[in-house]
Enquirer: 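I'd like to ask some things about the structure below.
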Amino acid sequence: MAAEPEILDELRRLRARLPQLTGAVAAGRDGLVLAQDAPGVEPDGLSALTATTLAVAIRMTDATGRGEFRELLIRGADGYVATYAAGRHAVLTLLTEDRVNVGRLHLEGRRAGARIGELVDAHEAAHGRTAQQTAARERTAHDTAVPETARTTAPPTQDSTRPLPTRPVGARTSTDN
């Protein structure tokens with residue numbers, strides 16, 4: 001992807017702004033790594049897990065009437081995993097130490113997600129990819145990765161053509177401090 005150097009630059013700037021950040025992976029909704037700055041972490045595995053978690057999070061927000069997916073925060077004993085929508089085609093997953101300021105994490109993660117989303121969406125638009133082409137590519141990837149028995153018994157998945165929402169950089173919500 002031609003936007004990869006710019007995405008990697010954004011990940012590095014994010015690390016400079018958030019010293020407790022231990023890893024960052026920008027990935028497509030299909031689980032393919034776009035860029036990563038995650039020493040000590042297998043980025044392909046993290047990206048695949050992010051895609052799976054994203055599908056569950058989207059279904060959860062739909063089922064509970066909470067609107068479109070924006071972000072997901074998981075806290076473990078040794079830190080946080082935060083995933084943010086990054087435009088229509090990507091997500092940003094951040095790994096942090098436990099002592100991170102969660103408000104600052106959200107502020108920086110949302111901003112970086114919006115910037116990365118702009119880069120990825122512009123690249124997708126410049127290459128003439130339509131939502132239908134993206135959905136077909138995702139279905140093909142899914143069909144080759146899921147055994148036939150799982151395909152026939154699995155519940156319907158989220159419509160992959162629906163874009164992930166983002167807020168403009170600098171936009172504030174009632175949860176921003």
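The analysis underlying the following values was restricted to heavy atoms, covering all of them including side chains, and did not include hydrogens, waters or symmetry mates. This structure is a prediction, so every number in the text was calculated from the model and none was measured. We number each residue from 1, following the sequence as shown.
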Enquirer: For the atom pair CZ (R13) and CZ (R115), what is the distance rounded to the nearest 0.5 Å?
Expert: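 Here the rounded value is 7.0 Å.
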Enquirer: State, yes or no, whether a side-chain contact exists between V56 and R59 at a heavy-atom distance under 4.5 Å.
Expert: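 Contact flag for V56/R59 side chains = no.
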Enquirer: Between I116, T83, V120, T50, which is the residue that forms a side-chain contact (heavy atoms from CB on, under 4.5 Å) with L92?
Expert: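 Of I116, T83, V120, T50, side-chain contact (heavy atoms from CB on, under 4.5 Å) with L92 is met by I116 alone.
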Enquirer: Are R88 and E124 side-chain neighbours, meaning at least one heavy-atom pair lies under 4.5 Å?
Expert: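 Contact flag for R88/E124 side chains = no.
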Enquirer: Looking only at heavy atoms, what is the nearest atom pair of S47 and A27, with distance?
Expert: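 Closest approach of S47 to A27: OG-CB, 3.1 Å.
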Enquirer: Spell out, yes or no, whether I74 and M60 are grouped together once hydrophobic residues are joined by side-chain heavy atoms under 4.5 Å, including indirect joins.
Expert: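 Looking at the clustering, M60 is in a separate group from I74.
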Enquirer: With side chains defined as the heavy atoms from C-beta onward, is the minimum distance between R75 and L73 less than 4.5 Å?
Expert: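 In short, these two side chains do not touch, never coming nearer than 4.5 Å.
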Enquirer: Less than 4.5 Å apart, side chain to side chain, heavy atoms only: is that true for E42 and L46?
Expert: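 Of all side-chain heavy-atom pairs linking L46 with E42, none is under 4.5 Å.
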Enquirer: Output, in order, the C-alpha distance, side-chain angles, deciding distance and verdict of side chain to side chain contact (heavy atoms under 4.5 Å, CB included) for D98 and Y80.
Expert: CA-CA 6 Å; D98 188 47; Y80 293 88; 4.0 Å; yes
Enquirer: Any side-chain heavy atom of R29 sitting closer than 4.5 Å to one from I58?
Expert: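 Heavy-atom side-chain distance check passes, below 4.5 Å.
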Enquirer: Ignoring hydrogens, what is the shortest heavy-atom contact between I7 and A26? Give both atom names and the distance.
Expert: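 Between these two residues, the closest heavy atoms are CG2-CB, 3.7 Å.
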Enquirer: Return the minimal non-hydrogen interatomic distance between R15 and P39, and the atom names on each side.
Expert: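 Taking R15 first and P39 second, the nearest heavy atoms are NH2-CD, 3.5 Å.
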Enquirer: Taking all non-hydrogen atoms of both residues, which atom of T96 and which atom of T22 are closest, and how far apart?
Expert: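 Heavy-atom minimum between the residues: N-OG1, 3.8 Å.
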Enquirer: So how far is it from H106 NE2 to R70 CZ, rounded to the nearest 0.5 Å?
Expert: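 Taking NE2 in H106 and CZ in R70, the distance rounds to 14.0 Å.
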Enquirer: Checking R66 now: which residues fulfil side chain to side chain donor-acceptor pair (under 3.5 Å) with it, not counting sequence neighbours?
Expert: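 By the side chain to side chain donor-acceptor pair (under 3.5 Å) rule, R66 matches no residue at all.
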Enquirer: Considering only heavy atoms from C-beta outward, does the side chain of Y84 approach that of V91 to under 4.5 Å?
Expert: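 SC-SC contact between Y84 and V91 ruled out.
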Enquirer: Would L54 end up clustered with V81 when hydrophobic side chains under 4.5 Å apart are linked, directly or stepwise?
Expert: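 Linked, L54 and V81 end up in one cluster.
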Enquirer: For the CD atom of E97 and the CG atom of L18, what is their distance to the nearest 0.5 Å?
Expert: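 If we round to the nearest 0.5 Å, E97:CD and L18:CG are 9.5 Å apart.
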Enquirer: CG of D78 to CZ of R99: how many Å apart, nearest 0.5 Å?
Expert: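 That separation rounds to 13.0 Å.
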Enquirer: Show the nearest heavy-atom pair for residues A90 and L34, with the distance to one decimal.
Expert: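 That closest heavy-atom pairing would be CB-CD1, 3.9 Å.
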Enquirer: Between L72 and T53, what is the shortest heavy-atom contact and its length?
Expert: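 The answer is CD2-CG2, 3.1 Å.
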Enquirer: Should V25 and V41 count as side-chain neighbours, where that means a heavy-atom distance under 4.5 Å?
Expert: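 They are not in contact (no side-chain heavy atoms under 4.5 Å apart), so the answer is no.
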Enquirer: Measuring from D44:CG to Q36:CD, what's the distance to the nearest 0.5 Å?
Expert: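 Nearest 0.5 Å value for the CG-CD distance: 8.5 Å.
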Enquirer: Using the rule that two of Ile, Leu, Val, Met, Phe, Trp, Tyr join whenever any of their side-chain heavy atoms come within less than 4.5 Å, decide whether L94 and V102 are in one cluster.
Expert: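 L94 and V102: one cluster.
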Enquirer: Nearest 0.5 Å, please: how far is CZ in R12 from CG in L8?
Expert: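 CZ of R12 is found 3.5 Å from CG of L8.
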Enquirer: In plain terms, say whether R17 and E10 are close enough for a salt bridge, that is, a side-chain N and a carboxylate O under 4.0 Å apart.
Expert: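 Here R17 pairs with E10 in a salt bridge, since their nearest N and O are under 4.0 Å apart.
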